[in-house]
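Below is one structure; the comments refer to it alone.
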Amino acid sequence: MDAADWWSIEVMDAEHAEMSAASWRDAYAQVLTESLVTNGAALWKWYEHSWGVVLEVAFVEEDAWLAWRALPGTQAALDAVPDPLSGLLVHRGHGGASGSYVPRVPGMPPVADRVALPEPL
């Protein structure tokens, strides 16, 4: 079996929308999951974040992903997100946040005179 390609559908909450991203997931999860099963998805998982939801999907073949993405039911679900213009991201790879930002602790910058050099002959 080939390694699966992961794809992410990120749906963000929108202030002006009547529906939250979690409500969108509740409304469309069953339809999307059923179409994933019947169209050859290897794996899928929903994640909820403070800013919205992420559906991560894995297909072994990229053509299967493209076919699923082009289905009328998938298109209808994506058209119904709370903010279809700026609240929807569809991309290859895992989605969501990679954790809290932790700045690097500054180290000592390298300085040439820290190491004693041998005296020239």
Side-chain angles (χ1 to χ4, degrees):
M1 179 174 172
D2 293 331
D5 278 336
W6 283 94
W7 297 84
S8 294
I9 298 172
E10 300 186 32
V11 179
M12 272 80 57
D13 290 321
E15 290 182 29
H16 62 278
E18 297 177 15
M19 177 188 324
S20 69
S23 297
W24 173 85
R25 180 203 54 216
D26 294 343
Y28 291 95
Q30 182 176 351
V31 172
L32 291 172
T33 302
E34 182 179 319
S35 68
L36 287 168
V37 169
T38 58
N39 287 278
L43 299 165
W44 61 91
K45 179 110 173 129
W46 287 94
Y47 296 95
E48 189 165 349
H49 296 280
S50 60
W51 47 262
V53 296
V54 177
L55 171 59
E56 290 185 354
V57 181
F59 283 92
V60 175
E61 304 266 334
E62 185 173 355
D63 290 341
W65 157 258
L66 295 171
W68 178 79
R69 179 76 170 77
L71 290 173
T74 305
Q75 287 295 313
L78 297 181
D79 289 344
V81 300
D83 184 359
L85 295 177
S86 59
L88 174 66
L89 296 174
V90 179
H91 59 88
R92 185 185 296 265
H94 293 284
S98 61
S100 300
Y101 173 71
V102 178
R104 290 177 35 175
V105 177
M108 294 180 61
V111 178
D113 65 352
R114 291 214 177 131
V115 177
L117 297 175
E119 291 293 322
L121 300 173

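Remember, it's a predicted structure, so these values are computed and weren't measured experimentally.
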Residue pair Val11 / Tyr28, side-chain heavy-atom distance below 4.5 Å: no

Heavy atoms of other groups near Glu34 CD, more than 12 under 6.0 Å: no

same_hphob_cluster(Val81, Val57) at 4.5 Å side-chain heavy-atom cutoff: yes

Joint hydrophobic cluster, Trp7 plus Val37, side-chain heavy atoms closer than 4.5 Å: yes

Interatomic distance, Asp83 atom CG to Glu15 atom CD [nearest 0.5 angstrom]: 10.5 Å

Reported CD-to-CH2 distance for the pair Glu56 and Trp44, which is rounded to 0.5 angstrom: 14.0 Å

Nearest heavy atoms of Pro82 and Ala21, plus distance in Å: CG-N, 3.8 Å

Heavy-atom pair of closest approach, residues Trp24 and Ala80: CD1-O, 3.4 Å

Nearest-0.5 Å distance, CZ of residue Arg92 to CD of residue Glu62: 4.5 Å

Could you list the donor-acceptor pairs under 3.5 angstrom formed by side chains in residues 65-78, with sequence neighbours left out?
| residue | atom | partner | partner atom | Å |
| --- | --- | --- | --- | --- |
| Trp68 | NE1 | Ser35 | OG | 2.7 |
| Thr74 | OG1 | Trp68 | O | 2.9 |
| Gln75 | NE2 | Arg69 | O | 2.7 |

Least distance between heavy atoms, Gly52 atom then Asp13 atom: N-OD2, 3.8 Å

Atom pair CD1/CG of Ile9 and Leu88 - distance to nearest 0.5 Å: 7.5 Å

Leu36 with Val31, same ILVMFWY side-chain cluster at under 4.5 Å: no

Exam field: side chain Asp5 to backbone Phe59, donor-acceptor pair closer than 3.5 Å: no

Modelled atom types, side-chain donor and acceptor of Glu10 and His49, under 3.5 Å: no

Heavy-atom side-chain contact between Val54 and His94 under 4.5 Å: no

Within one Ile-Leu-Val-Met-Phe-Trp-Tyr cluster: Leu32 and Met19, side-chain cutoff 4.5 Å: yes

Between NZ on residue Lys45 and CG on residue Leu55, distance to nearest 0.5 Å: 11.5 Å

